[in-house]
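Below you'll find the structure, written out as C-alpha cells, and then a few comments.
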Amino acid sequence: MPNISAELVNKSILLVNKNNSGYIGTYIVTMRGPVWKKWRNIFNPGFSAGNLTNLVPSVVKKTGIFISILEKHSEKQDIIKMKNLLDNLTMDIIGQVVMLGERFRFSASIQSNSQRYKKASSLAIFRGRAKSFHQISPTSTIYTLVLWPKVDKHISGELQKHIEAHNQSDSPTNKSVVGLALKAYESESSQVSQTKSPERKTDMDPFFKKICIAQIKLFLFSGHDTTSSSICYTLYLLSKHPNLLRRVQEELDQVFSADRRQISERITQKPALLKEIPYTTAVIRESLRLFPTVSSTCDGERDFFVTDSHGRRFPTENFLVWVNPHAVHHTPELWENPDEFQPERWSEDKRKQIPKGAWRAFEHGARNYIGQVLAMLESKILVCMVARDFVVRDVYEELEQPGSVKRVVGERAYQVQLSQPAGDLPCRIERI
Ligand code: HEM
C-alpha cells in the first residue's frame, strides 16, 4: 500500500468489489510480487534519466513539428481540440522512446495508425486490469478481434527490426526502451542458465516477444494520454493566469533566450538547462495537483483497514482499493486554498511544508510510475517551446448557449473519462 495516512485514505478511496482476485496479467501494471519486480527491472533502464537525456533532441524536433501546426492554427484562428493535437505528439514521442525511432510519426502522417494504437492500447489496459471489462463492453470485444491482431502484427514487425539492429552494437535502436530491455533480458537469462547467449540472433525469444508486445501497448497507452492531458491543463491554467504566464516567460528568457527559435536550439545543445527552470517546473507540478491525470488501484489486504474520521474501521481484504489523488490534492487539511492555482507552493522553502504523500500525481514507493522522468521532460520541453509565444484560449463559452455553460465545482474544463479536460479542450491559438 502506498505511504498514506488512514485519515487521508478515508477521504480518498473508493472500494470496488474485486471479482478477479489474484489476477496477474501480462502488463507490468497488473503483475504482482516477484514477477512484477523482474519485469519492471528489465524495462526500467530505458526510462532512466541518463537514457532519456540522449533522446532530448528528438523530443525537441517532434515538438517543433507540433509548434508549426500551432502556428498555422494561430494564423487561421480556427477552433481546435488541444487534447487531440497533443495526443498525436505524445503518442509520437512515446513511440520513439519505446521502440520505433523516427518511423513513429503520428503528428505528421499516420493518423489512422495513431487512432488504431490509441484505441487498442487503452482497451488492452482496461482488460488487463479487469478481466470482466469485455463482458460489459461489446466494443472492447470487437476491438480485441479486429484491432489487436493488426496492432500486434505491426509491433511484431518492428520488434524484428530491433533484433536485426541488436546485432549491430552502434544502432540507435539499442537505446530505445525495447532495445535496453532486450539487453537486460538476455543478460538475466544467461545468468540463470549460466550459458553465454549466442552472438547473433535472427529471431526474438518468443516469450520475451509476447511480454514485450504487451508492454509496448501499455507504454503507448500510459505514455500518451496522461501526459497530453496534463500538458493541456498546464497550458489552460497559464491562459487563465496571465501574470503567472509572464513569470514563466521571464524565466525562459533568462535561462534560454528571448527568441523562441533559440529555445529549441539551446535545449538540444544543453538538456541540463531544463533543470534550471524552477518556476516553470512548479507550474507543471501545480497543474498536476489541481488536475491529476491518473488514479490508481491496489489490492486490499487482510491486515489493512481504512479508518474514517469517526474511528470506524473498514476491512479491505477482497476489495480493490482505489486511491483518488484528486481528493487528496483538494483536501484543505493538507493544502492551503486547495482549489487555487498557486505554483509558489513549490518554491524551495514552501515545498518543505508539503506533507509527505500529499502530492501523489505519480504515486509513491516501488509501484510509482515508471515514466515520470519522461513525462516531466516532455512537459517541460513543450511548455518552454509553447508558452514563450502562444496562449491557448479556451472557447467553451463560445460553443455553448449563453448562460448554459456546464461547470463542475466552478470549473468548465472539468475532468472526464480518463481525466482529460471536457470536450478535449476546444480552443483557439493566440500568438503573443
Ligand atoms: C503526466 C503523465 C503521467 C502521470 C500523471 C502518470 C501517473 C502514473 C501513476 C499515478 C501510476 C501508478 C499507477 C498504479 O499505482 O497503479 C503510473 C503507473 C505507470 N505509468 Fe504513468 N503517468 C504518466 C505518464 C506515463 C508515461 C509517459 C509512461 C511511459 C511509459 C507511463 C507508464 C506507466 C507504467 C508502465 C505504469 C505502471 C508501473 C508499474 O506498475 O510498475 N506513465 N503512472
Side-chain angles (χ1 to χ4, degrees), residues 20 22-47 90-91 93-100 104 113-135 137 139-163 166 173 176-186 188-189 203-227 294 296-299 366-371 374 418:
N20 51 353
Y23 178 57
I24 297 185
T26 345
Y27 308 97
I28 54 172
V29 74
T30 57
M31 290 173 185
R32 314 244 167 87
V35 179
W36 165 78
K37 199 161 188 237
K38 170 192 157 112
W39 289 105
R40 171 101 185 212
N41 283 341
I42 286 178
F43 282 94
N44 262 340
F47 291 102
T90 50
M91 186 66 119
I93 293 175
I94 189 66
Q96 159 125 21
V97 171
V98 169
M99 66 165 183
L100 301 169
F104 223 62
N113 256 358
S114 165
Q115 295 306 327
R116 184 188 293 169
Y117 267 90
K118 275 195 241 173
K119 286 190 180 118
S121 57
S122 53
L123 286 162
I125 310 316
F126 277 121
R127 285 174 56 108
R129 275 265 153 146
K131 271 202 239 164
S132 54
F133 183 73
H134 68 283
Q135 289 161 0
S137 166
T139 338
S140 157
T141 310
I142 294 167
Y143 279 128
T144 310
L145 296 175
V146 181
L147 216 52
W148 281 12
K150 285 186 183 162
V151 170
D152 287 4
K153 194 171 160 206
H154 184 87
I155 295 178
S156 186
E158 293 299 330
L159 286 180
Q160 188 55 36
K161 291 177 193 151
H162 269 76
I163 271 290
H166 191 58
T173 331
S176 68
V177 169
V178 168
L180 289 168
L182 180 59
K183 210 166 144 196
Y185 177 70
E186 282 186 348
E188 206 223 24
S189 311
D203 208 355
M204 202 172 254
D205 173 341
F207 180 61
F208 178 73
K209 192 171 188 175
K210 184 171 173 250
I211 295 278
C212 221
I213 291 177
Q215 263 32 257
I216 289 168
K217 284 193 277 197
L218 167 66
F219 295 148
L220 290 176
F221 168 66
S222 349
H224 87 277
D225 189 64
T226 46
T227 318
V294 176
S296 60
T297 51
C298 47
D299 272 333
R367 292 295 302 230
N368 70 356
Y369 124 70
I370 198 169
L374 174 62
L418 296 169

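This is a predicted model, so every value here is computed, not measured.
Across every non-hydrogen atom of Ile28 and Trp36, the tightest pair is O-CD1, 3.2 Å. Closest of all the heavy-atom pairs between Phe208 and Ala181 is CZ-C, 3.9 Å.
Considering Leu159, Leu182, Ile155 in turn, Leu159 is the only one that fulfils the side chain to side chain contact (heavy atoms under 4.5 Å, CB included) rule with Lys209.
Residues satisfying the side chain to side chain contact (heavy atoms under 4.5 Å, CB included) test with Thr227, not counting sequence neighbours, are Thr90, Ile231, Ala375, Glu378, Ser379. Listed by chain and number, the residues in a side chain to side chain contact (heavy atoms under 4.5 Å, CB included) with Lys38 are Ile42, Glu188 (sequence neighbours excluded).
Between atom OH of residue Tyr185 and atom CH2 of residue Trp39 there is a gap of 5.0 Å, rounded to the nearest 0.5 Å. A distance of 10.5 Å separates CZ of Phe47 from CG of Leu180, quoted to the nearest 0.5 Å. Ile94 CD1 to Asp225 CG: the interatomic distance, rounded to the nearest 0.5 Å, is 12.5 Å. The line from NZ of Lys210 to CD of Gln215 is 11.0 Å long, rounded to the nearest 0.5 Å.
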From CA spacing to verdict: side chain to side chain contact (heavy atoms under 4.5 Å, CB included), Ile216, Ile213
CA-CA 5 Å; Ile216 289 168; Ile213 291 177; 5.6 Å; no
